[in-house]
Amino acid sequence: MPLKNIIMTIDLGSSKSKIVVQESGSNFLKVLLMDAQIADVGKKSLQSVPSEGLASERSWVGFNASENNEAEKEYYAVGSLARDCFGGLSQLHELKYELALPKILAAVWLAMDELSLPARFNLNLAVLLPSGEVSDKDILKSRLASCLKDFDTPSGRMKIKLKGFQASPEGSGIYFSRVNALGDELNSKNIICAMLGFRNSSAFTIRAGVSKPGNSKDFGMHWLLQKLSHQISGLDVENPDTIQIIAESAKNSEILKKLSRKSSPADIESDYQSISEAINNVKEEYSRVIVRWLKSLGTTDEIIFCGGTAEYLRPELENYGATDSTQIVWHGGVSVPDEFEALLGSSRLADVWAFHAKFMDSINSHNAKLKNSTVNSSFADTLANASQQQSSTTDDKQKAKKPYKSVVPGIKPNIKPDAKTNYNKHTERPSDTVPPIGN
């Protein structure tokens, strides 16, 4: 029986890994979430891990630590298991690509469990990385292909063949969706796409239809949390509940009372007042940092804000273009179906959701070309040469353009959340490839 072909897109977020996965040829997909903490552990320590329960709560992997030493294996607990049982941390000062191996292997195992897949299948994988780390994608691909061949999981050994791989900068899904929505209008706009995440913030510019190298700064939500940790006694910045409470306090400040460790109502109320004041002051300071950084990138007609941290700062950032008529587009106009929205919210899922749609389109386009061509080029080569093939000849440019239609059900790349995209405005352009973002 031939191996199943699985398509997976992962956003290796520093607070949660967001995963979209489906089987090739099927419209059924799942959105999976894993906490971001990891911990290196001894193999014997894993004997105490429960064998039943939610897979996302008991995830661990073991793989060859070195390509030159097949006998040596390293074991990692991932997500809530790492945090709650082994003192795992988010390790925000490490490069994401260096932490990617255990996280991706754990995501593959989680997908196997959630989709009832066999322990062997072919994998087409797309990964979103910070803009400054995309240059390391070849290192990641090489190590990942080797580790996937044979690794240990709570369900036993898995043997996965990496058939296709693409690593792109965070914000690429939003970028592709917005490019499609603007059509020819893109050529007359100066645009900044700003992705505000947990660990860092990244931005790149689009000038006259051409994307320009951007940069990343350590201005993620963690910047604000570190400031608060010096002002709020006992604040646990590694606890997801802490992050959730502070994020939700933007709409309901009363929830901040949950951060108090006091027992009496009077003491809790006193804590609430001091915590609220500290958060308001640091949040104002944080929003000034973000605006100052964005203005250093130059003037713009439109700014696209995306990411969960951007949503947290939404009231402050709404005033970004108040004095110069800059249009603000939230999350590139991308929304996700209600069933997935309830998991985490469109603000945090929009990028990986839209990028999965783009990745699926690339795969389908590749498969269609294989059927009509005797040249059996590799999937990786097809992705790498996509831009060149799209603009190779004048005759190609003059061919009738087909409206963009994603194969992912429910994808809605809107200019505004309540507007519908005119797909007939889309024209294929070299900028449909991954934007060249660097430090």
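As a basis for the values below, the full set of heavy atoms in this structure was taken, side chains included, without hydrogen atoms, waters or symmetry mates.
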Ser56 versus Leu33, closest heavy-atom pair with distance: CB-O, 3.9 Å

Parallel, tilted or perpendicular, as decided by the 30° and 60° cut-offs, for the rings of Tyr76 and Phe63: parallel

Side-chain heavy-atom pair Asp35, Arg83 within 4.5 angstrom cut-off: yes

Mutual orientation of the aromatic rings belonging to Trp60 and Tyr75 [parallel < 30°, tilted 30-60°, perpendicular > 60°]: tilted

Heavy-atom side-chain contact between Glu311 and His331 under 4.5 Å: yes

Where Ala107 and Ile19 come nearest, the two heavy atoms and their spacing: CB-CD1, 3.6 Å

Interatomic spacing from CG in Leu259 to CG in Leu235 - rounded to 0.5 Å: 6.5 Å

Modelled atom types, side-chain donor and acceptor of Arg314 and Ser347, under 3.5 Å: no

Cation-pi check, Lys283 onto Tyr312 ring (under 6.0 Å, within 45° of axis): yes

Nearest non-hydrogen partners of Lys103 and Ala36, listed with the distance: CE-O, 3.1 Å

Mutual orientation of the aromatic rings belonging to Phe359 and Phe355 [parallel < 30°, tilted 30-60°, perpendicular > 60°]: parallel

From Asp150 atom CG to Arg120 atom CZ, the distance as rounded to the nearest 0.5 Å: 8.5 Å

Ring-face cation contact, Phe176 with Lys358, 6.0 Å cut, 45° max: yes

Side-chain donor-acceptor pair present, Asp271, Ser260, cut-off under 3.5 Å: yes

